[in-house]
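The structure under discussion appears below in the form of C-alpha cells.
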Amino acid sequence: MKPKTLYDLVWTSRPLMQAAEACVEKGLAGTDLTVRMRAVLEILLSDGELPVPDIAAKLEIQRQYVQVMVNETLASGFTVQRPNPRHKRSPLLALTGQGRALIDDILQKEMALMTHIATDFTDDDIATALRVVQAVTVKLKQITDEQP
C-alpha cells in the first residue's frame, strides 16, 4: 500500500535523525565540539563566510537559536567575526584555521563511516531514497505554506 509505506518513510525520519545525531555526537568525543557547533562549522566550510541570518536560513531554524550556536563556536576559537560590507550590524562569521582543520577531520571520518554503511546499498538505492525524501520534504513544506 503506497500511502502507508510513504507514511512509514516519513515517520522513520525521526529515528534516523536521532541515530545520526547520536553517531555524530560519538564521533565528536574529545573535540570540544557539540553537534550544533559542528553544524555551524560545516556550513561555513561549504559556503564560506556568512552572517547569522544566512546560517539560520540554511539550517532552517530560528536566527536566535543559531546565534547561541555561533557564540559557542566563537568562544571556543573555532570561528571569528569579520565586518560585513553589506550589513554593519550583522558581521560575517568565518572559520579559524583551528576550526577548518577540525571540521575537515570530522567530515573525513564521517565520510569513511558513510562509505562503510553504503556497502549494503547500490548507488541507485541511495539515489532513489534521496530523491524520494527530497521530494516528500518539498511537498510537505508546500502544504504547510498553503495552510493559514
Side-chain angles (χ1 to χ4, degrees), residues 6-118 121 123-148:
L6 184 58
Y7 180 87
D8 291 345
L9 172 70
V10 169
W11 286 104
T12 299
S13 65
R14 184 177 179 99
L16 171 63
M17 286 308 302
Q18 289 172 331
E21 187 171 328
C23 195
V24 167
E25 190 170 34
K26 185 177 180 180
L28 296 176
T31 65
D32 294 327
L33 266 185
T34 63
V35 172
R36 63 190 195 178
M37 291 166 67
R38 180 215 165 279
V40 171
L41 298 188
E42 183 178 15
I43 286 174
L44 294 175
L45 181 67
S46 68
D47 294 2
E49 299 178 353
L50 293 171
V52 168
D54 290 359
I55 297 170
K58 289 185 176 297
L59 290 172
E60 297 186 31
I61 57 178
Q62 292 182 353
R63 186 201 60 76
Q64 293 84 351
Y65 186 61
V66 172
Q67 187 63 61
V68 171
M69 297 161 61
V70 163
N71 290 347
E72 292 171 346
T73 67
L74 288 164
S76 298
F78 300 132
T79 61
V80 293
Q81 288 182 332
R82 298 215 169 109
N84 184 347
R86 293 183 2 211
H87 197 289
K88 288 185 181 187
R89 292 180 43 211
S90 187
L92 296 172
L93 192 70
L95 290 171
T96 61
Q98 178 188 12
R100 180 176 301 280
L102 182 59
I103 194 63
D104 278 337
D105 184 56
I106 289 165
L107 290 173
Q108 184 178 14
K109 289 175 183 172
E110 290 175 358
M111 286 305 119
L113 177 62
M114 291 297 108
T115 299
H116 173 71
I117 293 170
F121 307 101
D123 288 347
D124 286 344
D125 290 339
I126 295 168
T128 299
L130 179 61
R131 183 181 53 78
V132 170
V133 169
Q134 288 173 333
V136 170
T137 301
V138 167
K139 288 182 181 201
L140 289 171
K141 285 180 178 181
Q142 286 172 344
I143 291 167
T144 302
D145 291 344
E146 292 169 1
Q147 295 174 350

Do Asp104 and Gln108 get their side chains close enough for a donor-acceptor pair, meaning under 3.5 Å?
-> no
Among all residues two or more places apart in sequence or in another chain, which pass the side-chain contact (heavy atoms from CB on, under 4.5 Å) test with Asp32?
-> Phe78
How far apart are the C-alpha atoms of Gln134 and Thr137, what are their side-chain angles, what is the distance that settles it, and do they pass the side chain to side chain contact (heavy atoms under 4.5 Å, CB included) test?
-> CA-CA 5 Å; Gln134 288 173 333; Thr137 301; 5.7 Å; no
Gln64 atom CD, over 12 foreign heavy atoms within 6.0 Å | yes
Interatomic spacing from CD1 in Ile103 to CG in Leu33 - rounded to 0.5 Å | 6.5 Å
Between Lys141 and Glu146, is there a side-chain N and carboxylate O pair less than 4.0 Å apart?
-> no
Side chains of Val80 and Glu49: closer than 4.5 Å at any heavy-atom pair?
-> no
Show your working on side chain to side chain contact (heavy atoms under 4.5 Å, CB included) between Met69 and Val52 and close with a plain yes or no.
-> CA-CA 10 Å; Met69 297 161 61; Val52 168; over 6 Å; no
Check whether more than 12 heavy atoms from other residues, nucleotides or ligands sit under 6.0 Å from atom CD of Gln67, and answer yes or no.
-> yes
Check for a donor-acceptor pair, side chain of Asn84 on one end and backbone N or O of Ser90 on the other, with a separation under 3.5 Å.
-> yes
Could you state the interatomic distance from CD (Glu42) to CD1 (Ile106), rounded to the nearest 0.5 Å?
-> 9.5 Å
Look at atom CG of Asp123 and say whether more than 12 heavy atoms of other residues, nucleotides or ligands are closer to it than 6.0 Å.
-> no
Hey, mind stepping through Glu21 and Lys26 against side chain to side chain contact (heavy atoms under 4.5 Å, CB included) and telling me if it holds?
-> CA-CA 8 Å; Glu21 187 171 328; Lys26 185 177 180 180; over 6 Å; no
Measure the spacing between CZ of Arg100 and CG of Asp105 and express it to the nearest 0.5 Å.
-> 14.0 Å
Thr73 side-chain N/O to Met37 backbone N/O, donor-acceptor pair under 3.5 Å | no
Mark yes or no for whether Ser13, through its side chain, and Val10, through its backbone, hold a donor-acceptor pair below 3.5 Å.
-> yes
Could you grab the distance from atom CG of Leu41 to atom CD1 of Ile55, nearest 0.5 Å is fine?
-> 9.5 Å
Before giving the answer on side chain to side chain contact (heavy atoms under 4.5 Å, CB included), spell out for Met114 and Ile126 the whole-Å C-alpha distance, their side-chain angles and the decisive distance to 0.1 Å.
-> CA-CA 11 Å; Met114 291 297 108; Ile126 295 168; over 6 Å; no
Measuring from Leu44:CG to Leu92:CG, what's the distance to the nearest 0.5 Å?
-> 10.0 Å
Which atom names give the shortest non-hydrogen contact between Leu9 and Val132, and what distance separates them?
-> CD2-CG1, 3.6 Å
Test: Arg36 and Glu25 ion pair at under 4.0 Å | no
Taking all heavy atoms of Gln98 and all of Gly77, pick out the closest pair and write down the distance.
-> OE1-O, 3.4 Å
Nearest 0.5 Å, what's the CG-NZ distance between Leu28 and Lys109?
-> 9.5 Å
Option passing side-chain contact (heavy atoms from CB on, under 4.5 Å) with Ile43 (candidates Leu50, Leu93, Val66) | Leu50
